[in-house]
> 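Pasting a structure below so you can have a look.
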Amino acid sequence: MSKNGKSGYTGGSSMERLYNGLVKENPTFVLMLGMCPTLAVTTSAMNGLGMGLTTMVVLALSNMIISLLRNIIPDKVRIPAFIVVIASFVTMVELLLEGFIPALYDALGLYIPLIVVNCIILGRAESYASKNPVIPSLFDGIGMGLGFSFALTCIGAVRELIGAGEIFGFRIMPEAYVPCAIFIMAPGAFFVLAALTAIQNKIRINGEKKGKDMSKIQSGCNEDCMNCGEEGCSHRFYGSSGKGNGKTGNAGGQAVKNADGKGRE
């Protein structure tokens, strides 16, 4: 165990981290995180791609810096420290977008500064980057960011195609096609997200029936400590990382201490 009670390296190879973010733990279709920008900005494929890539840059850079500082940041102030790091990169990205890609900056609007409180970024900082070396943390951020970008682009493309007959601004549907405007309005985001998530779940169920391992890895806490295999968890956000029982992880039904010092099974 490293300094401040943080566990050692718990992730896989760099390629495993990329695959994890894209497929096994896609933040949108699997973990259902970051729903606010997912539903709000995906009126077109370009907006979805722009939001996804912007988030990926912040996620990768913040993961890298937090991993570098993981043995320096005290446990009691780790969340505020993570937010300061994330907010710094968000400010930099926002200024760059405003200066060099003003059209995308105007399209995304308020949702660029709101990246600071995107639960995907803070969640990866707390659950992975603060417990692992720099390179795996960087690739974890890239993988989760690519997964987020892929999901937003898919949702935006479907909404744009049905709602305007275009993808990335290029006409796809014939001139006789009558656009279904509801798909570029707020309800359309829910319809498309639900449909794409259902398709993914169907693929997963079929894979499990064929005996394939379709299980998630390194996911958020599901409160099932008996069957939890995530190292370094200690019910993150409830108390200090790894200090509850002096061990990493909480598999085996061991009591985990909360912030109030009470045990939790």
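The model shown is predicted, which means the values in this text are computed figures rather than measured ones. Reckoned from all heavy atoms, side chains included, excluding hydrogens, waters and symmetry mates.
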> Under the criterion side-chain contact (heavy atoms from CB on, under 4.5 Å), I'd like the reasoning laid out for Leu161 against Phe183: C-alpha separation, chi angles, the key distance, then a yes or no.
CA-CA 9 Å; Leu161 177 64; Phe183 277 90; over 6 Å; no

> List the atom of Gly163, the atom of Pro179, and the distance in Å for their closest heavy-atom pair.
O-CB, 3.1 Å

> Throw together a table of side-chain donor-acceptor distances under 3.5 angstrom for residues 82-110, partners on residues two or more places apart or in other chains.
| unit_1 | atom_1 | unit_2 | atom_2 | d |
| --- | --- | --- | --- | --- |
| Ser88 | OG | Val84 | O | 2.8 |
| Thr91 | OG1 | Ala87 | O | 2.9 |

> For Glu166 and Ile172: C-alpha separation, side-chain torsions, deciding distance, then whether side-chain contact (heavy atoms from CB on, under 4.5 Å) applies.
CA-CA 5 Å; Glu166 303 175 346; Ile172 302 297; 5.6 Å; no

> Mind checking the NZ-CG spacing from Lys202 to Asn206? Nearest 0.5 Å is all I need.
4.5 Å

> Quick one: does Pro136's side chain get under 4.5 Å of Tyr128's, heavy atoms only?
yes

> Which pairs with one or both residues in residues 132-148 pass salt bridge (charged side-chain N to carboxylate O under 4.0 Å, His left out), sequence neighbours excluded?
Arg17-Asp140, Arg124-Asp140

> Work out which heavy atom in Glu160 is nearest to a heavy atom in Ile167; give both atom names and the distance.
OE1-CA, 3.6 Å

> As an exercise, state the distance from CD1 of Ile162 to SG of Cys180, rounded to the nearest 0.5 Å.
7.5 Å

> Mind checking whether Met32 and Val192 sit in one hydrophobic cluster, side chains of I, L, V, M, F, W, Y counted as touching below 4.5 Å?
yes

> Determine all donor-acceptor pairs shorter than 3.5 Å in which one atom belongs to a side chain in residues 141-153; sequence neighbours excluded.
| unit_1 | atom_1 | unit_2 | atom_2 | d |
| --- | --- | --- | --- | --- |
| Ser149 | OG | Gly52 | O | 3.0 |
| Ser149 | OG | Leu53 | N | 3.2 |
| Ser149 | OG | Gly145 | O | 2.8 |
| Thr153 | OG1 | Ser149 | O | 2.7 |

> Which heavy atom of Ser137 sits nearest a heavy atom of Ala129, and at what distance?
OG-CA, 3.5 Å

> At their closest point, which heavy atom of Ala81 faces which heavy atom of Ile73, and how far apart are they?
CB-CG2, 3.7 Å

> What about Leu49 and Leu18, same hydrophobic cluster or not, with Ile/Leu/Val/Met/Phe/Trp/Tyr joined at side-chain heavy-atom distances under 4.5 Å?
yes

> When you measure from the side chain of Ser67 to the backbone N and O of Pro133, does any donor-acceptor pair fall under 3.5 Å?
yes

> Take atom CZ of Phe190 as the centre, draw a 6.0 Å sphere, and report whether it contains more than 12 heavy atoms from other residues, nucleotides or ligands.
no

> Are Thr55 and Asn118 close enough, and set up right, to give a side-chain contact (heavy atoms from CB on, under 4.5 Å), and what steps lead you there?
CA-CA 9 Å; Thr55 304; Asn118 191 317; 4.3 Å; yes

> Flag the pair Leu138 / Asn63 as yes when at least one side-chain heavy-atom distance between them is below 4.5 Å, and no otherwise.
no

> Once you round to the nearest 0.5 Å, how far does SG of Cys36 lie from CD1 of Ile115?
11.0 Å

> For the hydrophobic clusters of this structure (ILVMFWY residues joined by side-chain heavy atoms under 4.5 Å, transitively), does one cluster hold both Met64 and Ile72?
yes

> Evaluate whether atom CE of Met35 has more than 12 neighbouring non-hydrogen atoms of other residues, nucleotides or ligands under 6.0 angstrom away.
yes

> With hydrophobic residues grouped by side-chain heavy-atom distances under 4.5 Å, do Leu68 and Val77 end up in a single group?
no

> Return the minimal non-hydrogen interatomic distance between Asn26 and Leu22, and the atom names on each side.
ND2-O, 3.2 Å

> Say you draw a straight line from CZ of Arg78 to CZ of Arg70; how long is it, rounded to the nearest 0.5 Å?
15.0 Å

> If every non-hydrogen atom of Pro37 is compared with every non-hydrogen atom of Tyr111, which pair is closest and at what distance?
CA-CD2, 4.3 Å

> State the CG-CD1 distance between Leu33 and Ile121, to the nearest 0.5 angstrom.
11.5 Å

> Is there a side-chain contact between Val30 and Gln200 in this structure, where contact means two heavy atoms from C-beta onward sitting under 4.5 Å apart?
yes

> What's the separation between atom CD1 in Ile155 and atom OG1 in Thr43, rounded to the nearest 0.5 Å?
12.0 Å

> For Ile182, does its backbone N or O pair with a side-chain atom of Arg159 as donor and acceptor, under 3.5 Å?
no

> Kindly work out whether a path of hydrophobic side-chain contacts (I/L/V/M/F/W/Y, heavy atoms less than 4.5 Å apart) joins Ile79 to Leu114.
yes

